[in-house]
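First the structure, in the form of structure tokens, and then the observations on it.
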Amino acid sequence: MIFGKLIGGLLGLLAGGIVGFVIGVVVGHFFDAALKGNIRRFTPQAIARVKRVFFETTFQLAGHVAKADGRISEAEIAHTEQLFTQMGLDSERRKEAIDLFRRGAEAAFAPEVAIGNFLTIVGRNAALAEALLLFLISLAHADGEMEAAEHAAMVQIAGHLGVDLR
């Protein structure tokens, strides 16, 4: 069953852009689960966990992709700042997002660990994985072109998410 995810994602996208899309897909996922008789998953706590891990993973991987070519460009910073605005982050959440971005940009960052945490919470939810990848791809193109190192990082991330970008 994917109708709840499709409808929720579309309505969310129309109402609130990429953030609305993510929330709509999450709510739609739980609606689909409820229709299949798995109602126990449709809890505010479960939705909060999905939103939290999506937030953390998005900004960590954004830092990783932005730094993949050796430097973070002004265009990549502006693109990420645009997401802050779209998400309506207050100063505390904005600081948290910046910290996550910086962690992802560190040489020691292991994207497979972040993706593993993401998959543990959201499962193999193709719509959420695609939303995450779409943002990361747009970030990689923010400075005009996707460098080879950024492409390699995207292929690696997509592979861990179960998506073939080749």
Side-chain angles (χ1 to χ4, degrees), residues 1-35 41-68 75-89 93-94 96-98 100-101 103-105 109 111-143 146 150-166:
M1 302 221 30
I2 63 167
F3 295 110
K5 292 177 207 62
L6 289 173
I7 293 169
L10 180 60
L11 291 174
L13 182 64
L14 294 172
I18 189 78
V19 176
F21 173 76
V22 170
I23 293 169
V25 168
V26 169
V27 171
H29 171 73
F30 290 117
F31 181 77
D32 289 342
L35 286 178
R41 294 184 65 192
F42 189 65
T43 65
Q45 294 84 5
I47 293 171
R49 279 193 304 274
V50 169
K51 287 170 60 176
R52 178 78 195 148
V53 76
F54 189 86
F55 178 84
E56 290 173 355
T57 307
T58 296
F59 289 108
Q60 287 177 340
L61 293 179
H64 179 70
V65 169
K67 185 68 174 188
E76 291 165 332
I77 292 170
H79 192 78
T80 305
E81 292 272 348
Q82 182 181 16
L83 184 59
F84 294 168
T85 302
Q86 288 176 343
M87 293 177 79
L89 300 182
R93 294 281 285 176
R94 180 182 155 83
E96 182 182 4
I98 291 169
L100 290 164
F101 186 94
R103 259 187 263 153
F109 177 72
E112 58 277 356
V113 173
I115 295 167
N117 293 335
F118 177 81
L119 293 174
T120 297
I121 301 298
V122 304
R124 292 279 177 187
N125 186 315
L128 288 178
E130 288 172 10
L132 177 60
L133 287 172
L134 284 173
F135 170 72
L136 294 173
I137 290 169
S138 67
L139 174 67
H141 282 284
D143 54 4
M146 185 183 296
E150 291 171 326
H151 182 265
M154 289 302 309
V155 168
Q156 177 190 31
I157 290 167
H160 288 301
L161 289 169
V163 176
D164 186 7
L165 284 186
R166 292 174 221 196

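Note: hydrogens, waters and symmetry copies are ignored here, and every other heavy atom, side chains too, is used. Counting from 1, the numbers follow the sequence of the chain as shown. Given the structure is predicted, the values throughout are model-derived calculations rather than measurements.
- To the nearest 0.5 angstrom, Leu100 atom CG is 9.0 Å from Arg93 atom CZ.
- Contact annotation: the side chain of Leu83 never approaches that of Leu139 to less than 4.5 Å [non-hydrogen atoms, C-beta and beyond].
- Applying the salt bridge (Lys or Arg N to Asp or Glu O under 4.0 Å) test to residues at least two apart or on different chains, the pairs with a partner in residues 55-68 are Arg52-Glu56.
- Residues Ala142 and Ala75 come closest through the heavy atom pair O-CB, 3.3 Å.
- Annotation: side chain of His141 is not in contact with side chain of Glu150 (no heavy-atom distance under 4.5 Å).
- Counting heavy atoms from C-beta on, the side chains of Thr57 and Asn117 never come closer than 4.5 Å.
- Side-chain contact between Ile157 and Leu132: absent, with no pair of heavy atoms (C-beta onward) separated by less than 4.5 Å.
- Counting all heavy atoms, side chain and backbone alike, Leu119 lies closest to His160 at CD1-O, 3.3 Å.
- Inter-residue side-chain proximity for Met154 and Leu133 is flagged as met; some heavy-atom pair is nearer than 4.5 Å.
- His79 is not listed as a side-chain neighbour of Asp143, based on a closest heavy-atom distance of 4.5 Å or more.
- The structure places CD of Glu76 at 7.0 Å from CZ of Phe101, a figure rounded to the nearest 0.5 Å.
- Rounded to the nearest 0.5 Å, atoms CD1 (Ile77) and CD (Gln82) are 14.0 Å apart.
- For the atom pair CG (Leu128) and CD1 (Ile121), the distance works out to 12.0 Å, reported to the nearest 0.5 Å.
- Counting only residues at least two apart or in different chains, ring-ring contact (aromatic ring centres under 6.0 Å, His included) contacts with residues 46-67 comprise Phe55-Phe59, Phe59-Phe84, His64-Phe109.
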